[in-house]
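One structure is given below, encoded as structure tokens.
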There are 2 protein chains.
Amino acid sequence: MEPVTPKTPNRRERVRNATVAEIKSVARDQLTGDGPGAISLRAIARDMGMSAPALYRYFPSLEALLVALVVDLYDELRGFMETACAELPEGDRIGRLLVAAKSFRAWAVAHRPEFTLMFASVDLHSEGSAHHDPTAEPHAAAARFSQVFGRIFHELYRQTDEERGFPLPTPAVPNMSPGLQAELVACAHTIGADVPVEFSYMFLTYWIRLYGVVAMEVHGQLPVIEHPDLLFNAMLAEMAAQLRVDITEWIGTT
Amino acid sequence: MEPVTPKTPNRRERVRNATVAEIKSVARDQLTGDGPGAISLRAIARDMGMSAPALYRYFPSLEALLVALVVDLYDELRGFMETACAELPEGDRIGRLLVAAKSFRAWAVAHRPEFTLMFASVDLHSEGSAHHDPTAEPHAAAARFSQVFGRIFHELYRQTDEERGFPLPTPAVPNMSPGLQAELVACAHTIGADVPVEFSYMFLTYWIRLYGVVAMEVHGQLPVIEHPDLLFNAMLAEMAAQLRVDITEWIGTT
DNA sequence: GTCGATAGTTAACGGTGTTCACGTTCATGA
DNA sequence: TCATGAACGTGAACACCGTTAACTATCGAC
């Protein structure tokens, strides 16, 4: 069963895809140049030598264009992190985790307008139906992205379990309610991981910490901190110490 | 020396202040109704029965209005947290810390558009001069807000030091670089606290964790989690356990 | 009671997203 | 080969937007 969606694209479809790509590229330039709010259909059309209504042959609205952009950005960020990790030897789980975290921050601070658009401007949960639609494209892209950390975490867990014969330490979370445990199990299922709830919890909270520092740095909420990379490295070192893994070779002094 | 700025407001200044308040109030309604982005000078004027250019007698631009709104929101959020804490007995530092954290989240999830505007839409560091201008009004409001946690943390530190005779435990942050230590000292100085760098570090990272969860919840980045309050409480419990304080009376099961 | 600051007006400019009605191009099936 | 219909692109228009300029009315103070 060959894939139905891409098939063999007609010549017509090829030039159409090229036009779509150019639209998103020009929009990307406006985003990086003057921030999220500066993306304008008319300006895009002007830059492309077209009239504004022509763009409606490719996107039903400006909002749809922004959503498509966000999807691309998620995949770009994911690719950036995966490429950075791919340069490491296969079995270096700890290195992969650190490189993934550091490349996440590196991409974010190097692409602040994109980061703002992805994580603040566009509401992924369209606040419409009962909850979110997991089949919707932006949600799927966000899920693909978040699974990068999830997979690395899962591999780290399995490796140490096998090689050392005992699982990684997990932080003390006393008296986890059944409700929270159920949520954590569901969270692990989304990446197909069969791990203890404590491990799920650790992954989630670590990811939250990473997101927290990076978001605050990007949004200028750390005005006192002159060198956020020092703080970031220190937090990585702290988390690694909690995991009881040695990362001095990666971080050096914190 | 009586305050110079408010003085005895003329009748003229009183009605002017009332108009300014009404403008911000109408803008706030638009914000809560249709999100940031939906705040429009012309719509505000329409709602007030005025013409749009008249608003320029009160704010030099829409951006300035948004900044003023953000300042008010910072103070409102700060007041909300302080009022919640004030209902506790004077010496209950741990309770204050938990109530501050919980009221922060409560305000954020009850005022998602405001939260987005404050922490994402408006750039506090206007990316202009060498760094940020600490005298600028929005930055001052943000500082006043962040000092709520800072003061509570500081008080908790001093209390336990006196009553128990030894300081609170601090997480292991091996080999802190002199650069990071200097930043943490500066961070402590902004709240006039004389605390060890480890304590400064703990405060910063705890605040980052709180911001991280709340921002992800507000921005819909936790799609798998159905009940974020459970996760939030669990993180509070974890941080309390790190502080070696007992909060079961506050949280119950996590 | 005059005078100047203050607050408000209308008109206008250039910009935006979006829709509509109209042509043009082009691959395809009879 | 040619007609057909879908896909693509256009200009005009509508309803907004932020902002500026020129002008008028109001009101407090000397």
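Here is the naming used below: chain letters follow the sequence lines, and residue numbers restart at 1 for every chain. A quick note: this is a predicted structure, and the numbers were derived from the prediction, not measured.
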- Query: Does the pair Arg28(B)/Glu76(B) count as a salt bridge with the N-to-O cut at 4.0 Å?
  - Reply: yes

- Query: Between Phe149(B) and Tyr211(B), does the ring centre distance come in under 6.0 Å?
  - Reply: no

- From dG8(C), dT18(C), dC17(D), nucleotide with atom closest to Arg42(A) side chain: dT18(C)

- Query: To the nearest angstrom, how far is Leu66(A) atom CG from dT18(C) atom P?
  - Reply: 10 Å

- Can Glu82(A) and Arg144(A) be counted as an ion pair, charged N to O under 4.0 angstrom? no

- From dT20(D), dC8(D), dG17(C), pick the nucleotide closest to the side chain of Tyr58(A)? dC8(D)

- Message: Counting only side-chain nitrogens and oxygens, does Tyr56(A) get under 4.0 Å of the OP1 or OP2 atom of dT19(C)?
- Response: no

- Query: Taking OP1 and OP2 of dT9(C), is either one under 4.0 Å from a side-chain nitrogen or oxygen of Ser51(B)?
  - Reply: yes

- Task: Kindly say if Arg46(B) contacts the phosphate of dA15(D), meaning a side-chain N or O under 4.0 Å from OP1 or OP2.
- Result: no

- Taking the side chain of Pro53(B) as heavy atoms from C-beta outward, which of dG18(D), dT18(C), dT20(D) is closest to it? dT20(D)

- Message: Nearest to the Arg57(A) side chain among dG17(C), dA11(C), dC8(D), which nucleotide is it?
- Response: dC8(D)

- Item | Nucleotide nearest Arg16(A) when distance is taken to its side chain, options dC8(D), dG8(C), dC17(D) | dC8(D)

